[in-house]
> 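Okay, here's the structure, questions in a sec.
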Amino acid sequence: MTHHHAATGWALFDGTVLVLLGLGATGWAAGLWAARHRGPWPVHRTVLWYAGLLCAGAALVGPLAEAARASFTAHMAGHLLLGMAAPLLLVLAAPVTLALRALPVARARAVSGLLRTAPARAVTHPVVAGALNGGSLWLLYTTGLYGLMHASVLMHAAVHLHVLLAGCVFTAAVAGVDPNPHRGSFPLRAAVLVGFLAAHSALAKHLYGHPPDGVGASDARTGAQLMYYGGDVVDVALIVVLFAQRLAAGRPRDRAARPVA
Amino acid sequence: MADQDRRTLLAGALLGAGIAASVVDLAVFHLILHWHHFYDLSTTGVALASDGLFHAFGWFVTVGSLFLLADIRRRGAMSWRRWSGGLLAGLGAFQLFDGVVLHKVLRIHQIRYDVDLLVYDATWIGTALLALAAGLVLLRRTRRVRPGR
């Protein structure tokens, strides 16, 4: 299947992604600088943030992204990086916590306020986030949306932005470390995660036998298995994080203390 | 501590069942022996959904049981033998359930395709019973255990 790209369109996409990644990188550094008097910032969180940006970048620009326009398998690798690995890394870096530390008080309050509004709370509810994330996947791969994504730079950008955001919102709803006064109960978050993993696995198997239009049979098989096993790896990592947080919170000595953000 | 003992048993049993559901099925039969189909077109939507849930729940239980073990260990002494008994019993019980109910009664999937199943089924169910029996024996023998042992 040959793709006739509007070369300028794709170049614009690449450029925009690089600018956004650059903003993410420098923004974090600026945040670290601004928050330097607020106490030590765990190094691992910075590592996580930059690793997350790298994963997102690899999925959006460069050789893998290029290959993804013709290969379902390469696309799936990119999807795993953008929609699962990057969100896990970025969310665990606790960016909102850093922002609240780095911003002047008034701005920080505004951000906090924004996160408490009804729409924000609704979207970050575990069930909503899970449905959004899982539902989008089913929509993308079982309807003509997949083909549309390849045909139009704008659609491509919109879909990929959605995948990243939906992945981040879902990860944050299930195992986020940023402050969240409306965090769902452990059983709720666990149930949503198990449900999502089940839906992800079922979709991967379905795609094995029923690939999107235009995808060759062997490409479909490899891509579907990558989706299944790769998805497993990230989802199991998420389960580990979920339980690790619970273990830390239930420390016998610190039973009375609140969990640290 | 009766509570600690119950949790030890539970942690073992859950890990056994979880391993049976996720690791054994996945690693041995899918990846190494290629006996289970990853997917075939005759799979119904119900089978697909239940497979997915099984798979997901299996991982959840496996990971969870390990964290439960970590929590038990940090709260005081625990009996590894009791835990092992639970593990064997959980493993055996799940494999028995899988071998009888899922393979034979509900017929969701089989151990291997295009072969005479009798030997495979007999081995699967046989080893499941062995594991279950071994687990129960170990549990019985560690029943009147001194606290802290």
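Worth knowing before you read on, the calculation uses all heavy atoms, side chains too, and leaves out hydrogens, waters and symmetry mates. Chain naming here is simple, since letters A, B, ... match the order of the sequence lines and numbering starts at 1 in each.
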> Top residue by heavy-atom pair count (under 4.5 Å) with chain A, among B:G52, B:A70, B:A49?
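With the most close heavy-atom pairs to chain A, the winner is B:G52.
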
> Under a 4.5 Å cutoff for heavy-atom pairs, which residue among A:V194, A:I239, A:L247 has the most contacts with chain B?
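The answer is A:L247.
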
> Using the salt bridge (Lys or Arg N to Asp or Glu O under 4.0 Å) criterion, which residues pair with B:D71? Sequence neighbours excluded.
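B:R7, B:R74, B:R75.
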
> How many angstroms lie between atom CZ of A:F72 and atom CG of A:D219, to the nearest 0.5 angstrom?
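It is 7.5 Å, given to the nearest 0.5 Å.
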
> Mind checking side chain to side chain donor-acceptor pair (under 3.5 Å) for A:T46 and listing every partner two or more places apart, or none if nothing turns up?
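Once residues adjacent in sequence are excluded, the partners of A:T46 under the side chain to side chain donor-acceptor pair (under 3.5 Å) criterion are A:W28.
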
> Checking A:A199 against chain B: side chain, backbone, both or neither under 4.5 Å from a heavy atom?
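For A:A199, no heavy atom lies under 4.5 Å from chain B.
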
> So, taking the atom named CG in A:L226 and the one named CG in A:L80, what distance separates them when rounded to the nearest 0.5 Å?
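Atom-to-atom, A:L226:CG and A:L80:CG are 5.0 Å apart.
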
> If you look at every heavy atom in A:G83 and A:V163, which pair is closest and at what distance?
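Nearest heavy atoms, A:G83 then A:V163: CA-CG1, 3.5 Å.
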
> May I ask you to list the residues in residues 60-67 of chain B that approach chain A closer than 4.5 angstrom, counting heavy atoms only, ordered by number?
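At a heavy-atom separation under 4.5 Å, chain A is reached by B:F60, B:V63, B:G64, B:F67.
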
> With sequence neighbours left out, what residues match A:H200 under side chain to side chain donor-acceptor pair (under 3.5 Å)?
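A:H200 satisfies side chain to side chain donor-acceptor pair (under 3.5 Å) with no other residue.
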
> So which heavy atom on B:S79 is nearest to which on B:T8, and how close?
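Reported closest heavy-atom pair: O-CG2, 3.7 Å.
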
